[in-house]
Protein chains: 2
Amino acid sequence: MKTLCDPRELMARQGVDPNPNRDLILKVIASSSKAVTPKFILTAARKTRSIDKVTLYRILDLFVARRILRRMASVAGSLRYEIACAEHNPLHPHFVCRECGDMECLSDVDLSDVRERLNMKTKNLPEDIDLKLEGVCQKCSPRKRRRHEEK
Amino acid sequence: MKTLCDPRELMARQGVDPNPNRDLILKVIASSSKAVTPKFILTAARKTRSIDKVTLYRILDLFVARRILRRMASVAGSLRYEIACAEHNPLHPHFVCRECGDMECLSDVDLSDVRERLNMKTKNLPEDIDLKLEGVCQKCSPRKRRRHEEK
DNA sequence: AACAGCGTGCAACTGAGTTGCAATATAAAT
DNA sequence: ATTTATATTGCAACTCAGTTGCACGCTGTT
Ligand SMILES: [Mn+2]
Ligand SMILES: [Mn+2]
Ligand SMILES: [Zn+2]
Ligand SMILES: [Zn+2]
């Protein structure tokens, strides 16, 4: 992300009422440099206040529905979330490591107009676009070192 | 797919020994018009012969490693598999329905050279590319009819 | 006070995919 | 053909992400 997005402003703009849990969860996600898993969010958030995982999942669903967050699936198991703010974090591709499951943002490639650029005229109009490159990341690839665990 | 791929030839080309289970699983996938889930494959294959789900997963892993199959994740839960044969089923984007989880192949858009076209110069070279459009499909969208179950 | 709406927590559940190990099949060696 | 090694399969038990049901608490309304 270029600069940090203000969680409160993002919620206000998207018509979502703030509250302590929502504030915290969005703050955790916004202050991460890459897309994060629910597990990561939960661990980070619990350093500040006690939150149940069900509450987290419900808030994540709400944020995705209200387009505050983008949700991405990968073969690595759990879903990942990132801020969807068009100004601070425009749509971009991701590199996913087959070994460790880590997901890197390719923020220098803008995908806002990817449908036009690739000339994709679909009958169903998409609400979101997800371009993922799969391979083995730097940490895992050279010399097939022990598969790097996610922090 | 343009025309059906011959499972035996595909395995031979990729250096995988055929056997009854592998033949059948690959045939099920090759004769489907869209990317399929393990559950679907298992149900279809069991009409012909008895196969354990663990065997299926192991064969799928083998096929993906040997680049006989492409594997794709979506928010809809289970992974989906399709034939990776470059001639008969070149790399293409997919449309995934948020309601029913169905995945449609956008076979008319070729992604073989997508990295060049989008000018993505990544340090980690990707072994696979997965472009997904997310939204609500025809069956689910108009009039918010009962969420269409996958066959 | 009574009621409704909303957000939360807890426990139990679901369903995809995995792991360990024994049993079987296939291929190679004697 | 009998033995030996190697690859493949099946079964049960397990892991782990995400979900469901329901009771409880809070806030505002009649
Ligand atoms: Mn990203
Ligand atoms: Mn496809
Ligand atoms: Zn890695
Ligand atoms: Zn649908």
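Atom CG in B/Leu56 sits about 16 Å away from atom P in D/dT8, given to the nearest Å. If you take CG of B/Leu24 and P of D/dT8, they are 17 Å apart, rounded to a whole angstrom. Between A/Leu79 atom CG and C/dG17 atom C1' the separation is 15 Å, expressed in whole Å. As rounded to whole Å, 8 Å separates atom P of D/dT9 from atom CZ of B/Arg49. Following rounding to the nearest Å, B/Leu60 (CG) and C/dG17 (P) show an atom-to-atom distance of 9 Å. C/dG17 atom P lies 16 Å from atom CD1 of B/Ile59, rounded to whole Å. As rounded to whole Å, 14 Å separates atom C1' of C/dC10 from atom CG of A/Leu42. D/dG10 atom C1' lies 13 Å from atom CD1 of B/Ile25, rounded to whole Å.
At the phosphate of C/dT8, OP1 or OP2 sits under 4.0 Å from a side-chain N or O atom of A/Asn21. An OP1 or OP2 oxygen of D/dA17 is reached within less than 4.0 angstrom by no side-chain nitrogen or oxygen of A/Ser78. At the phosphate of C/dA25, neither OP1 nor OP2 sits under 4.0 Å from any side-chain N or O atom of B/Asn19.
Using a 4.5 Å cut-off between side-chain heavy atoms of Ile, Leu, Val, Met, Phe, Trp and Tyr, with links allowed through other members, A/Met72 and B/Ile129 fall into different hydrophobic clusters. Both B/Leu118 and B/Leu131 belong to a single network of hydrophobic side chains, linked directly or stepwise wherever heavy atoms of I, L, V, M, F, W or Y lie under 4.5 Å apart.
The base of D/dG10 sits within donor-acceptor range of the side chain of B/Arg58, with an N or O pair under 3.5 Å. A donor-acceptor contact under 3.5 Å is formed by the side chain of A/Lys53 with the base of D/dG18.
Here A/Glu82 does not pair with A/Lys34 in a salt bridge; the nearest charged N to carboxylate O distance is not below 4.0 Å. Between B/Asp23 and B/Arg8, at least one side-chain N (NZ, or NE/NH1/NH2) sits under 4.0 Å from a carboxylate O, which counts as a salt bridge. Salt-bridge formation is detected for the pair A/Asp130/A/Lys132: a Lys NZ or Arg NE/NH1/NH2 atom is positioned less than 4.0 Å from an Asp or Glu carboxylate oxygen.
Among the nucleotides C/dG17, C/dT8, C/dT19, the one closest to any side-chain atom of B/Val54 is C/dT19. The side chain of A/Asp61 lies closest to D/dT19 when the candidates are D/dG18, D/dT19, D/dT9. Which of C/dG9, D/dA17, D/dG10 sits closest to the side chain of A/Ile51 comes down to C/dG9. Listed nucleotides C/dT18, D/dG18, D/dT8 differ in distance to B/Tyr57; the shortest reach to its side chain belongs to C/dT18. With distances taken from any side-chain atom of B/Asp52 to the nucleotides D/dC11, C/dA16, C/dG17, the minimum falls on D/dC11.
Contact annotation for B/Asp17: no contact, since no heavy-atom pair falls under 4.0 Å across all strands.
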